[in-house]
Amino acid sequence: MADSIKDPVGGGRQRGAPAAGRLTRGDVGAFIARQGILIAFILFMIGFTIANDRFLDPDNILGVVRSSAILGVMALGVTFVVISGNLDLSVGSMMSFSTIVVLDLHDKIGPAMAIPAMFAMTLCLGAFIGFLVGYLKLNSLIVTLGMLSAIHGLTLTYSGGKNMDIADKEGTWFSVFGQGAVAGIPVPILIFALMAAALGMVLARTPFGRKVYAVGGNGVAATFSGVRRARTVFMCYLVSAFCVATAGLIQASRSLGSQNTVGQGMELEVLAAVILGGASLLGGSGTIFKTVIGVLILGFIQNGLLLVGLQFYAQYVVTWVIIILAVWLDIAAKRGKLWSPIA
């Protein structure tokens, strides 16, 4: 038995095989690849708590969750797009558009009509992107990158390059979406939570959700299985546009006025939150619950950086680092190793 090592109890194990219960370097690397972001987040939380005792204050925690609600609502929709194997880089400009439109229409036709009109216009933009990516099968990165600029230009044209403000800020009920509270819980948090629960059920428990995973996992196989890929991708972009419109509503209601570039740069934060939540850029994996966790991770890290004294623009550098780290760990989780086997 030259190729086995006798065990004291009479058994045998292959030469070079790890003993039962013993962790190997590969096991540790695979664990870090799967849970590295969570480990990093825990370390960040510990560090921020030590650096500033206000970090875990209940008011600070509630403030972070409230300020993350707008980003979170947008990330819910982008989760559908990413799981389907596509990208949406237009959400920042689309949020600026929806915010400006609802503020402008508020004084012209009243909030009761302005809100559905804004949702309809935003959904038209989402439908156009979904048609280009789903039915014409154009590259989602190129399409949404182009739409980022196009929608920004549309917003500037619509507003005439001016910022928007509601004339009578004291006499409108419109502020309830961004400034109201129910049982002490801010309305933006409630909207975020309800949408997360609803969309989480759609993604996990409905035929449409299973089609989204199938299309993102293997579009060709899904097509041969009878899944209508184009329609599924189209619907994912409609979901994303609906979430962006909701975020624009919260933003407009929160400030009752806005710059026409209010959503500029948010597309990267949204994408970072979705990837942090475990959604793969290759498609086919991810959950709404994990996206919510990713949003909170990003929000608490940015809040912690401010509390320790870093300027707000340092967040952009940190966001870039987080995106690179998340993509690396995503690829590492797929191959089970932190480092490329070629290297």
Side-chain angles (χ1 to χ4, degrees), residues 71 73-98 121-155 199 202-203 208-223 227-245 247-248 263-288 290-291 294 319-320 323-324 326-327 330-331 334:
L71 178 70
V73 169
M74 295 171 66
L76 298 178
V78 174
T79 300
F80 279 76
V81 175
V82 172
I83 292 176
S84 73
N86 296 288
L87 295 174
D88 192 352
L89 298 180
S90 66
V91 291
S93 294
M94 197 181 297
M95 201 272 273
S96 297
F97 174 79
S98 61
M121 295 171 70
T122 307
L123 286 173
C124 285
L125 294 177
F128 181 64
I129 297 174
F131 174 77
L132 294 178
V133 177
Y135 287 96
L136 297 188
K137 294 181 173 58
L138 301 183
N139 184 279
S140 62
L141 174 64
I142 302 302
V143 169
T144 57
L145 188 61
M147 286 299 293
L148 182 153
S149 299
I151 297 175
H152 179 60
L154 179 63
T155 304
L199 293 177
V202 169
L203 193 57
F208 172 68
R210 290 190 288 272
K211 291 176 183 178
V212 174
Y213 282 108
V215 167
N218 190 324
V220 175
T223 301
V227 176
R228 303 181 71 169
R229 176 190 173 277
R231 176 183 291 182
T232 302
V233 172
F234 178 82
M235 291 301 298
C236 286
Y237 278 100
L238 280 185
V239 172
S240 180
F242 178 83
C243 291
V244 171
Q264 187 174 9
M266 289 191 70
E267 57 278 344
L268 290 181
E269 293 185 57
V270 169
L271 187 59
V274 173
I275 298 173
L276 277 174
S280 173
L281 287 175
L282 303 177
S285 66
T287 66
I288 291 295
K290 288 185 177 180
T291 292
T319 300
W320 175 83
I323 291 175
I324 297 300
V327 172
D330 173 40
I331 300 299
K334 287 289 188 295

Quiz prompt | side-chain contact (heavy atoms from CB on, under 4.5 Å) partner of Ile275, the single match among Leu281, Val270, Val82 | solution = Leu281

Self-check item: Cys124 SG to Leu238 CG distance, which is reported to the nearest 0.5 Å
Solution: 9.5 Å

Quiz item: Which value, rounded to the nearest 0.5 Å, describes the distance between Asn139 atom CG and Asn86 atom CG?
Solution: 8.5 Å

Quiz item: Looking only at atom types and distance, does a side-chain atom of Tyr213 sit under 3.5 Å from a main-chain N or O of Gly286, one as donor and one as acceptor?
Solution: yes

Quiz item: Hey, does Ser84 have a side-chain heavy atom less than 4.5 Å from the side chain of Thr232?
Solution: no

Quiz item: From Phe97 CZ over to Leu154 CG, what is the distance, rounded to the nearest 0.5 angstrom?
Solution: 5.0 Å

Self-check item: Nearest heavy-atom neighbours spanning Val244 and Met74
Solution: CA-CG, 4.4 Å

Practice problem: Measure across Leu76 and Thr291 and return the closest heavy-atom pair with its distance rounded to 0.1 Å. | Solution: N-CG2, 4.5 Å

Quiz item: If you look at every heavy atom in Ala241 and Gly126, which pair is closest and at what distance?
Solution: CB-CA, 3.7 Å

Practice problem: Look up atom CE in Met266 and atom CG in Leu89, then write down how far apart they are to the nearest 0.5 Å. | Solution: 14.0 Å

Self-check item: Cys243 to Leu199 - nearest heavy-atom pair and separation
Solution: SG-CD1, 3.7 Å

Quiz item: Aromatic rings Phe80 and Phe208: how do their planes relate, parallel, tilted or perpendicular, breaks at 30° and 60°?
Solution: parallel

Quiz item: Looking just at side-chain N and O atoms, do Thr155 and Ser96 make a donor-acceptor pair shorter than 3.5 Å?
Solution: no

Exercise. Give a yes or no on whether the backbone of Ser90 and the side-chain of Ser93 come within a donor-acceptor separation of less than 3.5 Å.
Key: no

Quiz item: Are Tyr237 and Thr144 side-chain neighbours, meaning at least one heavy-atom pair lies under 4.5 Å?
Solution: yes

Practice problem: Using the side chain to side chain donor-acceptor pair (under 3.5 Å) rule, take Asp88 and Ser240 through it: C-alpha gap first, then chi angles, then the decisive distance, then the call. | Solution: CA-CA 8 Å; Asp88 192 352; Ser240 180; 3.1 Å; yes

Quiz item: Is Ser140 reaching over with its side chain to a backbone N or O of Leu87, donor-acceptor style, under 3.5 angstrom?
Solution: yes

Practice problem: Heavy atoms only: give me the nearest Met95-Ser98 pair and the separation to one decimal. | Solution: O-OG, 2.9 Å

Quiz item: What is the minimum heavy-atom distance between Met147 and Ile129, and which atoms define it?
Solution: CG-CG1, 3.8 Å

Quiz item: Could you state the interatomic distance from CG (Leu125) to CE (Met121), rounded to the nearest 0.5 Å?
Solution: 7.5 Å

Quiz item: CG/Leu203 to OG1/Thr287 distance, rounded to the nearest 0.5 angstrom?
Solution: 8.0 Å

Quiz item: Are Arg229 and Lys211 side-chain neighbours, meaning at least one heavy-atom pair lies under 4.5 Å?
Solution: no

